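See structure below.
Naming: A, B, ... by sequence-line order, numbering from 1 per chain. Keep in mind it's a predicted model, so treat the numbers as computed, not measured.
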There are 2 protein chains.
Amino acid sequence: MTKPRAASAAALAQTRRTLPIALLRARETVMDRFRPLLHRLDITEQQWRVLRVLDEAEAMDASDLAKGAAILAPSLSRILKTLEARGLIEVRKDQSDGRRTLINLSPAGGAFLAEAAPESAKIYEEIEALVGKDRLETLLDEIDALIVRLSDQK
Amino acid sequence: MTKPRAASAAALAQTRRTLPIALLRARETVMDRFRPLLHRLDITEQQWRVLRVLDEAEAMDASDLAKGAAILAPSLSRILKTLEARGLIEVRKDQSDGRRTLINLSPAGGAFLAEAAPESAKIYEEIEALVGKDRLETLLDEIDALIVRLSDQK
DNA sequence: ATTAGATCATTAACATGTTAAGCGAAGGGA
DNA sequence: TCCCTTCGCTTAACATGTTAATGATCTAAT
């Protein structure tokens with residue numbers, strides 16, 4: 001660490017207390033705990049999110065899936081190819097609307113999630129234990145409130 | 001929106017209240033307000049962070065800069081080339097340690113930041129006004145607490 | 001002085017983020 | 001029906017995220 005003078009140290013503290021960076025750091029810190037599992041599963045964080053969202057629905061079109069997993073449409077297009085090639089999802093055209101693509105978890109995808117779920121849950125429980133369940137719930141509530149207040153409700 | 005049955009709706013709510021996704025969504029929501037400015041400046045979010053961190057220090061080596069801007073070393077290497085080519089930063093070798101690279105803001109970089117600072121500050125004030133200063137401070141405090149509790153203090 | 005190990009930075013390879021453009025399909029009037 | 005617009009998704013192009021490997025330098029111990 002380079003020795004900071006008083007002025008620059010204060011300024012640096014100011015940057016650190018900026019919403020975008022704080023949220024980024026928090027996310028990195030949390031993901032560091034999941035990364036070893038994801039690496040063992042040979043799957044990316046985004047692919048994991050897609051599978052988990054699909055596991056909670058029957059079949060979704062790509063738009064809903066993108067929103068649910070917080071992934072942009074172009075990224076999702078690429079991810080779906082990867083997951084389909086790996087046999088974890090099934091993709092088909094919507095018969096009633098030729099523009100839409102319907103996606104659902106394949107049996108293999110369901111098995112994949114079922115096998116990984118206990119480890120994932122265990123990690124989340126560790127986080128809960130370290131942070132405190134109350135504190136974590138409060139944080140999630142405040143994040144929700146932030147999103148609601150900042151969302152452009154066109 | 002596809003009609004969710006009661007069960008899947010509850011499950012979906014569960015995913016949404018997951019720390020990694022909540023933090024991701026919050027960050028996206030906040031950044032949506034800064035993106036138009038960054039686009040007008042023809043600069044990426046990461047490049048902007050690098051410049052701001054440099055503005056708060058004299059000269060930093062790449063490692064400290066990477067930590068300060070929350071950017072991984074490989075990404076920073078590429079970003080430094082871009083910013084140097086654009087004349088916004090100055091890069092030189094550390095004389096006392098040939099491994100280190102020292103980076104500082106160039107005069108042009110300082111002018112660039114000075115010109116953009118008012119707009120940036122205005123956006124942040126809008127966010128403060130919408131969220132509430134108290135609520136925002138609380139949120140930042142809780143995020144800090146989260147990071148401290150989850151950090152591996154090897 | 002030498003050498004093994006650690007450190008700092010870069011490069012490589014692949015996946016995703018981001019914006020813009022493109023394409024086929026659906027919808028809504030004239 | 002035709003035309004125009006909108007919608008859903010994909011592709012393109014470039015920047016960054018992520019992990020592993022490489023290169024160069026420093027450090028410490030011999």
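- Within the structure, every pair that satisfies the salt bridge (Lys or Arg N to Asp or Glu O under 4.0 Å) test and touches residues 96-118 of chain B, not counting sequence neighbours, is listed here: B/D61-B/R100, B/D97-B/R99, B/D97-B/R100.
- One can place CG of B/L24 at 13 Å from P of D/dG17, the figure rounded to the nearest angstrom.
- At least one side-chain nitrogen or oxygen of A/H39 sits closer than 4.0 Å to the OP1 or OP2 atom of D/dA20.
- The interatomic distance linking A/D61 (CG) with D/dT10 (C1') rounds to 15 Å, in whole Å.
- A heavy atom closer than 4.0 Å to some atom of DNA chain C occurs in B/R99, these being the qualifying members of residues 92-99 of chain B.
- Looking at A/R49 and B/L24, their side chains come closer than 4.5 Å, going by heavy atoms from C-beta outward.
- Annotation: proximity of residues 68-84 of chain B to DNA chain C (heavy atom, distance under 4.0 Å) is found for B/A73, B/P74, B/S77, B/R78, B/K81, numbered in ascending order.
- With A/I103 as reference, A/L54 is the one residue of A/V50, A/L54, A/D64 to meet the side chain to side chain contact (heavy atoms under 4.5 Å, CB included) rule.
- Considering only residues two or more places apart in sequence or on other chains, A/S63 meets the side chain to side chain donor-acceptor pair (under 3.5 Å) condition with none of them.
- In this structure the side chain of B/L146 never reaches within 4.5 angstrom of the side chain of A/L136, judged on heavy atoms.
- Put simply, CG on B/D42 is 11 Å from P on C/dA20, counting in whole angstrom units.
- Residue A/S63 places at least one side-chain N or O closer than 4.0 Å to OP1 or OP2 of D/dC9.
- OP1 or OP2 of D/dT18 has not a single side-chain nitrogen or oxygen of A/Q46 nearer than 4.0 Å.
- Rounded to a whole Å, the CH2 atom of B/W48 is 18 Å from the P atom of C/dT18.
- Inter-residue side-chain proximity for B/T101 and B/D94 is flagged as unmet; no heavy-atom pair is nearer than 4.5 Å.
- A straight line from CD1 of A/I43 to C1' of D/dT19 spans 17 Å, rounded to a whole angstrom.
- Between A/R49 atom CZ and D/dG17 atom P the separation is 15 Å, expressed in whole Å.
- Contact detail for A/S120 and A/R52: the closest heavy-atom pair is OG-NH1, 3.9 Å.
- A sub-4.0 Å separation between OP1 or OP2 of D/dT18 and a side-chain N or O of A/R35 is present.
- Between A/R86 atom CZ and C/dA15 atom P there is a gap of 11 Å when expressed in whole angstrom units.
- Listed nucleotides D/dA20, C/dT16, C/dA9 differ in distance to A/Q47; the shortest reach to its side chain belongs to C/dT16.
- In terms of phosphate contacts, A/T44 brings no side-chain nitrogen or oxygen within less than 4.0 Å of OP1 or OP2 of D/dT18.
- We find that CE of A/M60 is positioned 11 Å from P of D/dC9, with the value rounded to whole Å.
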For residues 104-114 of chain B, which side-chain N or O atoms pair as donor and acceptor with protein atoms under 3.5 Å away, sequence neighbours left out?
unit_1	atom_1	unit_2	atom_2	d
B/N104	OD1	B/R92	NH1	2.8
B/N104	ND2	B/E90	OE1	2.9
B/S106	OG	B/G87	O	2.6
B/S106	OG	B/L88	O	3.0
B/S106	OG	B/A108	N	3.4
B/S106	OG	B/G109	N	3.0

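- Among residues at least two apart or in separate chains, salt bridge (Lys or Arg N to Asp or Glu O under 4.0 Å) pairs with a member in residues 123-139 of chain B are A/R17-B/E137, B/E128-B/K133.
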